[in-house]
Amino acid sequence: GRYCGCRGDKITDVINVGIGGSEMGPRTVYHALRGIQPPVRLHFLSAADGVAFDRIVGRLNPFKTLIIVSSKSFKTRETAVNAAALDQWLLEAGIAGADRARHLLVVSANPSAADEMNLPPENLFPIWDWVGGRFSVWSAIGLCDAIALGSDAFLALLSGAHAMDMHVESSSAQENLPLLMALVSYWNSVELGIALHCCLPYDERLRVMVAWQQQLEMESLGKCTGIDGAPVSARTGQGIWGGHGNESQHSFYQWLREGTANSSIDLLWCEKPGHRHADLHRVLIANAKAQAEALVTRENSAWFNAVTTVSIDELDAARLGALLALYEHKTTMLGTLYGINPFDQPGVEFGKKLSRKAESAVEFQAPPAMSRRILVIKSSSMGDVIHALPAAHDIRQAFPDCTLDWVVEESFADVPALSGAIDHRIITAFRRWRKSPLSRRTREEFSELRRQLRAGSYDCVIDIQGLLRTGVVARLSGAESWG
């Protein structure tokens, strides 16, 4: 609560705006370590996809939201357009000028990033220019995790990664875990000719690690040119795919067991659960260990699977840090074995240039105008209701196709002046609620209002009198609105 929004509101939600390494690492960490009801909810906005944008901001209060724009170069197109859309979202809520600085932070290696966003210098969290994006969760790119999970958890994550670094530096080749994994992977891909590697975590907390490992290895090792600039003659890297192990048993294990291809596979599980459901954990781990045996056993077949199992005693921030660092070291070691640079991505950069050229040829066709549903909260004296009618007409002028619902006190339900201003009357009794019981009709309508608020049925809630701020509707509906 020490850092608040521009009105003094407690920050309840953080939006991390970034793509690639600015998103996958932080998302993997958050998904693995988040609690059931986190005090700060973390959302990730990566692709330039308006549907994803609407689904995130549509349930958030801008006055309680902190936006972190993460981009190493600060030139990533998707991040730029998402940041601009969020800036407009803040502006529409009335957050402009100096107030923006309470809701926008920037993480970048570009020293002018804050200035480009019209933010003060102290809103920039710098990262080193030599940090590769897909290796950057340990830097300020992990700021969103540090906020959402707490500094203790983030420091433990760093500590676990450092412990793996020390293991790599000091261990013999026979005991060096990343080196052994890199050698096995090199043998599978080059000597055995296995093109695909399947990652199968048997733990919900490690689900996102599949996509993280996919980016880490395929962007690092998907190269056809060596460090010397000459074409490479052997295979480099593998195609990474997979899914939650238990779910995947009922999806693609048939192909792994009897398909006509060789595969290399990593199965991961945690011996101690992150929950209190003993039967669920027993079944999950039994499946993991049984499938490890089943996948390596392919009777009467010319095809085979090369299976590696990774067992973790329990998953906490330090062990997660060590696990992620293990795969990072494995990847950079494979770069050395293949004779390629694992820290660049020229193929990605080429695609970005073509995308910018193609933008000018793309026409945006907006969907048909949608009827907006607006709820106006107003209850008090007859005079106040009548004086509020101009607001209804202003709304009608701004949104001619809107459906306008109006909450009034029960005793004013049949005011003739209201009949032309609203489409459907929802009747409550805010004043009488404290003095006398509500009628059955009013209770039913209030129950329906509560249901619709919770379901997000309204595009906008306009609070004329301040009832929401006094907590009457919020207490009964659980809705968050602002006027």
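For clarity, every value in this text was computed on a predicted model and none was experimentally measured.
Side-chain atoms of N82 come within 3.5 Å of backbone atoms of A47 as a donor-acceptor pair (strictly under, hydrogens ignored). Side chain of S220 to backbone of P342: a donor-acceptor contact under 3.5 angstrom is found. With D203 contributing its side chain and R205 its backbone, the two residues share a donor-acceptor pair below 3.5 Å. In this structure a side-chain-to-backbone donor-acceptor pair under 3.5 Å is missing from N123 to A114. Using modelled atom types, no side-chain atom of T236 and backbone atom of G222 make a donor-acceptor pair closer than 3.5 Å. The main-chain N or O of G237 is never found under 3.5 Å from a side-chain atom of H197 such that the two would form a donor-acceptor pair. Between the side chain of H31 and the backbone N or O of E204 there is at least one donor-acceptor pair closer than 3.5 Å. Under a 3.5 Å cut-off, the side chain of E219 and the backbone N or O of Q345 do not form any donor-acceptor pair. Proximity of a side-chain donor or acceptor of S185 to a complementary backbone N or O of A182 within less than 3.5 Å is not detected.
Here the shortest heavy-atom pairing between Q213 and Y327 reads NE2-CE2, 3.5 Å. A pairwise comparison of heavy atoms in K223 and I340 identifies CG-CD1, 3.8 Å as the closest pair. Looking at every heavy atom in both residues, D266 comes nearest to M181 through OD2-CE, 4.0 Å. The shortest heavy-atom contact between H281 and C270 is CE1-O, 3.2 Å. Smallest separation of non-hydrogen atoms from F74 and S108: CB-OG, 3.7 Å. In terms of heavy atoms, L320 sits closest to A32 at CD2-CB, 3.7 Å.
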Can L295 and L200 be said to form a side-chain contact (heavy atoms from CB on, under 4.5 Å), step by step?
-> CA-CA 12 Å; L295 290 171; L200 298 168; 4.3 Å; yes
Would you sort out whether Q249 and N287 count as a side chain to side chain donor-acceptor pair (under 3.5 Å), showing the intermediate values?
-> CA-CA 9 Å; Q249 290 174 211; N287 271 276; 2.9 Å; yes
Just do the side-chain contact (heavy atoms from CB on, under 4.5 Å) check on M24 and V208 with the steps written out, would you?
-> CA-CA 8 Å; M24 279 314 311; V208 183; 3.8 Å; yes
Criterion side-chain contact (heavy atoms from CB on, under 4.5 Å) on I240 and L216, from CA distance to verdict | CA-CA 9 Å; I240 308 297; L216 173 68; over 6 Å; no
Pair W212-Q214, side chain to side chain donor-acceptor pair (under 3.5 Å): steps then yes or no | CA-CA 5 Å; W212 171 82; Q214 187 177 67; over 6 Å; no
Would you check, one step at a time, whether the test side-chain contact (heavy atoms from CB on, under 4.5 Å) holds for F53 with L86?
-> CA-CA 9 Å; F53 181 92; L86 284 170; 3.6 Å; yes
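In this structure, Y30 OH and C144 SG are separated by 10.0 Å, a value rounded to the nearest 0.5 Å. Put simply, CD1 on I67 and CG on L45 are 9.0 Å apart, with the number rounded to the nearest 0.5 Å. To the nearest 0.5 Å, atom CG of residue L42 and atom CZ of residue R27 are 8.5 Å apart. Here CG of L179 is found 11.0 Å from CG of L326. Values are rounded to the nearest 0.5 Å. With values rounded to the nearest 0.5 angstrom, L268 atom CG is found 9.5 Å from S311 atom OG. With rounding to the nearest 0.5 angstrom, the CG atom of L334 is 6.5 Å from the CD atom of E217.
A distance below 6.0 Å separates the ring centres of W241 and F252.
Under a cut-off of 6.0 angstrom, the local environment of NE2 in H244 is crowded, with over 12 non-hydrogen atoms contributed by other residues, nucleotides or ligands. In this structure, E169 places its CD atom where only 12 or fewer heavy-atom neighbours from other residues, nucleotides or ligands lie under 6.0 Å away.
The pair D99-R102 fails the salt-bridge criterion, with no side-chain N (NZ, NE, NH1 or NH2) lying under 4.0 Å from an Asp/Glu carboxylate O. Looking at R59 and D13, no side-chain N of the basic residue comes within less than 4.0 Å of a carboxylate O on the acidic one, giving no salt bridge.
With contacts defined as side-chain heavy-atom distances shorter than 4.5 Å, the pair L157/W138 qualifies. L60 places a side-chain heavy atom less than 4.5 Å from the side chain of H43.
A donor-acceptor pair shorter than 3.5 Å cannot be found between the side chains of E78 and S46. Using modelled atom types and a 3.5 Å distance limit, the side chains of S71 and T79 yield no donor-acceptor pair.
Ring planes of Y186 and Y338: tilted class, angle from 30 to 60°. Ring pair H103/F63 is perpendicular by interplanar angle, where above 60° counts as perpendicular and below 30° as parallel.
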